[in-house]
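So the structure is just underneath, and the comments pick up after that.
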Amino acid sequence: MREDGSVKVCVERPVEGAFKTAYWELPSYRCFDVEGFGEEELAEQRRYLESNAHLIIRFARNGGFENASGF
């Protein structure tokens, strides 16, 4: 978690010899530094993040997935 309370999320998908990448900032849902993903893939990522942002932000606030209770 950043000092301003935002969280940077990296989405990667392997492709032959490389990765598609996109970075997102929560809770603003700002997408940046996109390489290889199309508009529909980014829309799908945004829908996923909108459904799970509360969990991602909570885990980041508590030190990441390694420190989440029950894991």
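Just so you know, these numbers use all the heavy atoms, side chains as well, and skip hydrogens, waters and symmetry mates. All residue numbers in this chain count up from 1 along the given sequence.
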Least distance between heavy atoms, Phe37 atom then Glu12 atom
CZ-C, 4.5 Å
Taking every heavy atom of Glu25 against every heavy atom of Arg2, the minimum-distance pair comes out as OE2-NH1, 2.7 Å
Rounded to the nearest 0.5 Å, what's the gap from NE2 on His54 to CG on Leu49? Could you check?
12.0 Å
Which atom names give the shortest non-hydrogen contact between Gln45 and Ala22, and what distance separates them?
OE1-CB, 3.7 Å
dist Arg58:CZ -> Met1:CE (nearest 0.5 Å) comes out at 12.0 Å
Would you compute the distance between atom CG of Asn52 and atom CD1 of Ile57 and round it to the nearest 0.5 angstrom?
11.0 Å
Between Phe32 and Trp24, the two heavy atoms sitting closest are CE2-C, 4.0 Å
If you group Ile, Leu, Val, Met, Phe, Trp and Tyr by side-chain heavy-atom gaps below 4.5 Å, do Tyr29 and Val7 land in one group?
yes
For Tyr48, does the OH atom sit with more than 12 other heavy atoms under 6.0 Å from it, leaving out its own atoms?
no
CD (Glu50) with more than 12 external heavy atoms under 6.0 Å:
yes
ILVMFWY cluster, Tyr23 and Phe59 together (side-chain gap under 4.5 Å)
no
Please report the interatomic distance NZ(Lys20) to CZ(Arg13), rounded to the nearest 0.5 Å.
6.0 Å
